[in-house]
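It should be emphasised that the depicted structure is a prediction, and the values quoted were computed from it without experimental measurement. Remember, it's 1-based here, ligands and their atoms both numbered in the order they're listed. What's counted below: heavy atoms across the whole structure, side chains too, no hydrogens, waters or symmetry copies.
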Amino acid sequence: RKSNKLWIISAAAIIAALIICPAAFAKVVIKCATSTQPSHIYNEGIRHMAKIVKEKSNGEMEIQLFPAAQLGSERDAVEGLQLGTLEMTLTSTGPLGNFVPAIKVFNLPFLFTSREAAYKVLDGKIGDQITASFPKIGIRALAWVENGFRNITNSKRAINKPADMDGLKIRVMEDDLFIATMKALGASPLPMAFGELYTALEQKTVDAQENPLAVIESSRFFEVQKYLAMTGHFYSPSMILVSEKFFKGLKPEQQKILQDAAFDARDFERKLSMEADQKLEAELAKQGMTVTHPDKAPFVKAVAGVYTNPKIVKAIGGGDTKKGEA
Ligand code: PAF
């Protein structure tokens, strides 16, 4: 009888606690959106992070991954974080300049010539200053990961010099720096969300696109693009971002688990990205792509004007933003 009584008291205590503070017992589900295909390095990175988070929280926290733009474009995901309708995303810096203008500086062509140089800046004072400005726009930046060095593919001709870019209709990410860079190279840029790109290439709405090898391979662009030029014209950083509202609602120990796991995922994902660059050129050639290695000097010269373009300088320096300002 005594044990019966004890049992009833414990059950009542649990029910009361659940009514007063449901969050203390509820599982934390973290929906994470990406735009790339499931096998892409972003998603490998998030799966790695999810494993750590699950282990460290004893199953109390769960990251659920939604790849391939199932939940919308990279821009939609960033807006979802601000609205609190999405908890997490891994996105390139492509759309982020529309929210944090200072980030556009990383969208300058040929800014970094090596990964080491990029990591020094991103993981140093400049990168920290930029991430520190995110809470103002309702987002917490957990870590700089990477998309990698971008190369040009197209269905028309081999590219060996800037003149070969003449008139190519090329899809770019939605930012004025990418548009200015492609115009400087003589191409006709068309901003478009990544989710629409494969069909646009297949139906020849555009002739060309530019992305790192890991994206070209995982999205099977070799099926619809014959030529690959190893231009490495942009180093494309990416970020693991969470909704600030969501982050603030976590217990301090849960915040730490998420932050530490994001740093771990950063190192893991960057390694995968480097390995992808080492092995995928041969793989894409095997898939039938004609690969060229243009001399970069004439490309660097052709885009020099992007650095001094007053509109671009103003855009990077700040100005009006839709929802926030760095
Ligand atoms: O081209 C893009 O939009 C981006 O590089 C991608 C593939 C969505 C990865 O961030």
- Item | Salt bridge flag under 4.0 Å for residues Asp175 and Lys104 |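 Yes, charged N to carboxylate O under 4.0 Å.
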- Message: The criterion is salt bridge (Lys or Arg N to Asp or Glu O under 4.0 Å); which residues satisfy it with Glu55, sequence neighbours excluded?
- Response: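 Residues passing salt bridge (Lys or Arg N to Asp or Glu O under 4.0 Å) with Glu55: none at all.
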- Taking it one step at a time, do Ser238 and Glu269 satisfy side-chain contact (heavy atoms from CB on, under 4.5 Å)? CA-CA 11 Å; Ser238 305; Glu269 195 263 4; 5.8 Å; no
- Query: So which residues, sorted by chain and number, lie with a heavy atom under 4.0 Å of ligand 1?
  - Reply: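 Those residues closer than 4.0 Å to ligand 1 by some heavy atom are Ser35, Thr36, Tyr42, Glu74, Ser92, Asn147, Arg150, Arg171, Met173, Phe194, Asn211, Val215.
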- Query: If you count the non-hydrogen atoms of other residues, nucleotides and ligands that lie under 6.0 Å from CD1 in Ile126, is the total more than 12?
  - Reply: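 It does not: Ile126 CD1 has 12 such atoms or fewer within range.
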- Sequence neighbours excluded - side chain to side chain donor-acceptor pair (under 3.5 Å) pairs with any residue from residues 184-203: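 Those involving residues 184-203 are Tyr198-Glu223.
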- Message: Does anything in residues 28-48 form a ring-ring contact (aromatic ring centres under 6.0 Å, His included)? List the pairs, not counting sequence neighbours.
- Response: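 Found His40-Tyr42, His48-Phe268.
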